[in-house]
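Written out below as structure tokens is the structure these notes cover.
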Amino acid sequence: MLHLPLNLIRYLVICQVNSSVVWLPRSLSVELSLVLGTIIANRLPTLQASLWRKALALWNEHGGISLIRKKSLRNVPDASWPMETVLFAYPGKRTYGRGELILWELKLLGESADHNLFLEIILPALEAAGSIVDEEWQSPNCLWGRFNIHSIYVARGHRWEPLVDNGKLDLRYRATPLQWSEGLLFDLDSRSRFKRLTWVTPFDQVNCEETPDEEFPAKRIRP
């Protein structure tokens, strides 16, 4: 059973393709987890990076970031980021052209629902992922190195508020871990409250034995 309030910050990330053709992987959330996690581990100071490198160890046993060159990532390790996060790729097509938009969502939960973590650790890694060039693991026409951050929005109740608009970051915006629930009604019926969790975590509470490829959490959260 969920005991409110739940600390949570939801970010809607909109990436704009800047190449003529980009092919998305079958499991975009999986690649987001691996690519961003690797970039973060490589950019942080040694002490801070140790937890991320430990989290990536399971990936390294299977080839690490070089797995990106494969057409499909399946049977991936149950590797988690060292923070309570969920990555959710919105359903879309497989091929995108210049100027088209790709949407995905990041959720920071619990003690990790800290806007500074997003600004200082995750956002710089995302910016790097859009411009990085490394032929050792990047395949032709892959997403990485071929997009700009078009917009980022933060949830406040039923609406999204702009954090990044047309590539410009609003440093004055301070997201709080409880603003997501403003104006939302949670009745006393536990079953109804439990069903509402499907948007908090991409996890089918009714048919929980299967999770679609596009709904791979960077860290699995089971209420």
Within a strict 4.5 Å, meaning less than it, do heavy atoms of the [X] and [Y] side chains meet?
X: E100; Y: K93; value: yes
X: I14; Y: I102; value: no
X: V22; Y: N141; value: no
X: N7; Y: L109; value: no
X: M83; Y: W52; value: yes
X: C142; Y: R146; value: yes
X: L32; Y: V35; value: no
X: V154; Y: Q179; value: yes

Any sub-3.5 Å donor-acceptor pair from [X]'s side-chain atoms to [Y]'s backbone N or O?
X: E31; Y: L28; value: no
X: W180; Y: L6; value: yes
X: D170; Y: R172; value: yes
X: S29; Y: A89; value: yes
X: N18; Y: F147; value: yes
X: E105; Y: L12; value: no
X: R94; Y: L24; value: yes
X: T38; Y: L34; value: yes

Can you see which heavy atom on [X] is nearest to which on [Y], and at what distance?
X: S112; Y: E84; answer: OG-N, 2.9 Å
X: A113; Y: L108; answer: CB-O, 3.5 Å
X: S80; Y: A55; answer: O-CB, 3.0 Å
X: R43; Y: A128; answer: NH1-CB, 3.8 Å
X: P124; Y: L119; answer: CD-O, 3.2 Å

Salt bridge (Lys or Arg N to Asp or Glu O under 4.0 Å) contacts in which one or both residues fall within residues 113-141, not counting sequence neighbours: none

Residues 174-185 vs salt bridge (Lys or Arg N to Asp or Glu O under 4.0 Å), sequence neighbours excluded, gives R156-E182

Is the ring pair F118/H115 parallel, tilted or perpendicular, if the boundaries are 30 and 60 degrees? parallel

Taking the basic N atoms (NZ, or NE/NH1/NH2) and the acidic carboxylate oxygens, is any pair closer than 4.0 Å for R159 and E161? yes

How about E111: does its CD atom have over 12 heavy atoms from other parts shown lying under 6.0 Å from it? no

Ring pair (Phe, Tyr, Trp, His ring centres under 6.0 Å) between Y11 and Y153: does it pass, once the steps are laid out? CA-CA 6 Å; Y11 298 93; Y153 296 88; over 10 Å; no

Residue that, paired with L123, satisfies side chain to side chain contact (heavy atoms under 4.5 Å, CB included) out of V13, I149, L106: I149

To the nearest 0.5 Å, what is the distance between CZ (R98) and OG (S19)? 6.0 Å

Among the clusters formed by ILVMFWY side chains lying less than 4.5 Å apart, do L171 and L117 turn up in the same one? yes

